[in-house]
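Structure first, commentary second.
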Number of protein chains: 2
Amino acid sequence: MMAPEEVRSDRAALERETANSDQPAPTTPAGAGAGRHIPPASLARLTIYLRALSAMLADGIERVSSEELAEAAGVNSPKLRKDLSYLGSYGTRGVGYDVPYLSGQISAALGLTLNWRVAIVGAGNLGRALAGYPGFGSRGFEVVALFDADPMVIGQEVGWLRISPVDSLEAVLAKTGANMAVLSVPAEVAQDLCDRLVESGITSILSFAPVVLQAPEHVQIRKVDMATELQILAYHAQRSQVSQIAARARLAR
Amino acid sequence: MMAPEEVRSDRAALERETANSDQPAPTTPAGAGAGRHIPPASLARLTIYLRALSAMLADGIERVSSEELAEAAGVNSPKLRKDLSYLGSYGTRGVGYDVPYLSGQISAALGLTLNWRVAIVGAGNLGRALAGYPGFGSRGFEVVALFDADPMVIGQEVGWLRISPVDSLEAVLAKTGANMAVLSVPAEVAQDLCDRLVESGITSILSFAPVVLQAPEHVQIRKVDMATELQILAYHAQRSQVSQIAARARLAR
DNA sequence: AGTTGTGAATGCCTTCACAGCG
DNA sequence: CGCTGTGAAGGCATTCACAACT
């Protein structure tokens, strides 16, 4: 959704700028269907709006126009209004949006008012980074367990948590009432742990392992792949490099 | 790109399964235009195919059909063939694809044959995790610098690298010839460091900071946002939860 | 007067079926 | 005969302009 090329008269590219981040998204839970559906692309942006609103809330700002909020989120205002319209009509025409109210409505729509209990599987640098991630503790996500297989790190304390042995995965998941999991383990063991998580009733998994995970349809899996991200950057960088060389060649002629 | 809902007769959802990961993608470098454009969605998947091919290469497998490769990548075969067709015709009809050859062609198309030198800014747990990430060292990405602001960690060794002070960012970037950067710093300082990177001539940035970064159009920024990912999972989980309750209510009636 | 909410149009991505080759 | 490559059709997402409301 962005390949502006010299051939193409893609003016819209200007507005997209730094705005990115969405995913084709995995399968929607089998029989889902309460309330309105939010298109996946909009869903991803709603989380950005929410963050911008939270910052405004902290600054004591009470009202925003779609124009201002869009600017803060790095999108254009019609897109923002369209996105918000999937939730309902929470603005006031001629005025704008009430920051605390809109913030609350988006949170509710995203399900952030529920009690999400996250288990992190894999306590390497990545797992520890996640356990200490401030964006988790806030906004409804509570890290309730942290696992590792290495006897040397089991028992260590990370923040308020003590690292549990993966051997006791099932028991600790049940005891802590975890309803989401993050996989930050080596690729080789990711599928096995994924299976165990699913077996334990976890239906929402965020994986950082660079492998394609197989899971039943009712399980939501999202993947963050850092190698993929760098490769995409490399592709674009290479293209502009090549085109620069081509431009120089044209000049030289 | 996937909102399968109970209302919708979306059978295709079954095939998408765990297949996710793409981004709307930022702006393409101003005057780009060498060779064919790869649609962003395809681009993201190509990196997955490449990984699958690498695994096959390691296993000594020499030929794959689109069906097999698609299965390994978690997509359906027509989609895979369409994606590959953006690069050219590298298969043999009636036979399949030559693994080493296709692998090389994809690598070349993605620009992975070039020498990418990555600077990691922020040596917290996340930065260290990235510095040690096996997926980087391989496949054309070399981590050449690691920065931090904390005097306590400056000078520490992480793998083969010594942590440099951010104060010397510009100098070290120049000395190491870095041409890509990863931002793994707190949100508050991300924009400032982004500016400094851009000022130093870096045009490809991968950011983990949960903020919208502003940068000139010619700079490619991709963002990985872990909070967003969890929130998207929460949304889906909430929906299936709600629909389950609704189902139970219908049963009770 | 000012700003939101949305229908209609456009364009991109995906899907499918089959034509094209080996 | 088998499998790849692709044109055509359908479905989302985005854009735009303006109607609706305060």
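Computed over heavy atoms, backbone and side chain alike; hydrogens, waters and symmetry mates excluded. Here is the naming used below: chain letters follow the sequence lines, and residue numbers restart at 1 for every chain.
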Within residues 94-109 of chain B, find the residues that approach DNA chain C with a heavy atom at under 4.0 Å, and present them sorted by residue number.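 Listed by number, there are none.
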Tell me, which of residues 80-90 of chain A have any heavy atom that sits under 4.0 Å from an atom in DNA chain C?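 Output list: Arg81(A), Lys82(A), Ser85(A), Ser89(A), Tyr90(A).
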Taking only residues two or more places apart in sequence, or in another chain, which ones meet Ser66(A) in a side chain to side chain contact (heavy atoms under 4.5 Å, CB included)?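 Checked Ser66(A) against side chain to side chain contact (heavy atoms under 4.5 Å, CB included); matches are Ser77(A), Leu80(A), Arg81(A), Tyr97(A).
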Whole-Å distance between [N] [atom2] and [X] [atom1]?
X        : N      : atom1 : atom2 : result
Glu67(A) : dA1(C) : CD    : C1'   : 17 Å
Lys79(B) : dA9(D) : NZ    : P     : 21 Å
Arg63(A) : dT3(C) : CZ    : C1'   : 11 Å

Any side-chain N or O of [X] less than 4.0 Å from the OP1 or OP2 oxygen of [N]?
X        : N       : value
Thr92(B) : dG22(C) : no
Ser65(A) : dT3(C)  : no
Asn76(A) : dT14(D) : no

Would you indicate which nucleotide in dT14(D), dC13(C), dA13(D) comes nearest to any side-chain atom of Pro40(A)?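 Of the candidates, dA13(D) comes closest.
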Please pick, from dT4(C), dC13(C), dA13(D), the nucleotide with the shortest atom-to-atom distance to any side-chain atom of Pro39(A).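 It is dA13(D).
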Measure across Thr228(B) and Ala44(A) and return the closest heavy-atom pair with its distance rounded to 0.1 Å.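 Between these two residues, the closest heavy atoms are CG2-O, 4.3 Å.
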For Ser103(B) and Leu50(B), work out which heavy atoms get closest and say how close.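 Nearest pair, atom of Ser103(B) first, then Leu50(B): O-CD1, 3.6 Å.
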Which residue pairs pass the ring-ring contact (aromatic ring centres under 6.0 Å, His included) test when at least one of the two sits in residues 54-93 of chain A, sequence neighbours left out?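 Those involving residues 54-93 of chain A are Tyr90(A)-Tyr101(A).
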Can you tell me which residue pairs pass the ring-ring contact (aromatic ring centres under 6.0 Å, His included) test with a partner in residues 43-84 of chain B, sequence neighbours excluded?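 The answer is none; no pair qualifies.
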By the side-chain hydrogen bond (donor to acceptor under 3.5 Å, both in side chains) test, which pairs, at least two apart or in different chains, include something from residues 51-60 of chain B?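 Every pair satisfying side-chain hydrogen bond (donor to acceptor under 3.5 Å, both in side chains) with a residue in residues 51-60 of chain B: Asp225(A)-Arg51(B), Ser54(B)-Arg139(B).
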Return the NE2 to CD1 distance between His236(A) and Ile38(B), rounded to the nearest 0.5 Å.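 If I round to the nearest 0.5 Å, the distance is 9.0 Å.
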Can you tell me how far apart CD (Gln231(A)) and CZ (Arg222(B)) are? Round to the nearest 0.5 Å.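 The distance works out to 11.5 Å.
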For the base of dG2(D), is there a side-chain donor-acceptor partner from Arg93(B) under 3.5 Å away?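 Donor-acceptor pair under 3.5 Å: no.
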Indicate yes or no for a side-chain donor-acceptor contact from Gln220(B) to the backbone of Ala234(A) under 3.5 Å, with no hydrogens or angles considered.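 Not at all, since once roles are kept as given, no pair shorter than 3.5 Å links the two residues.
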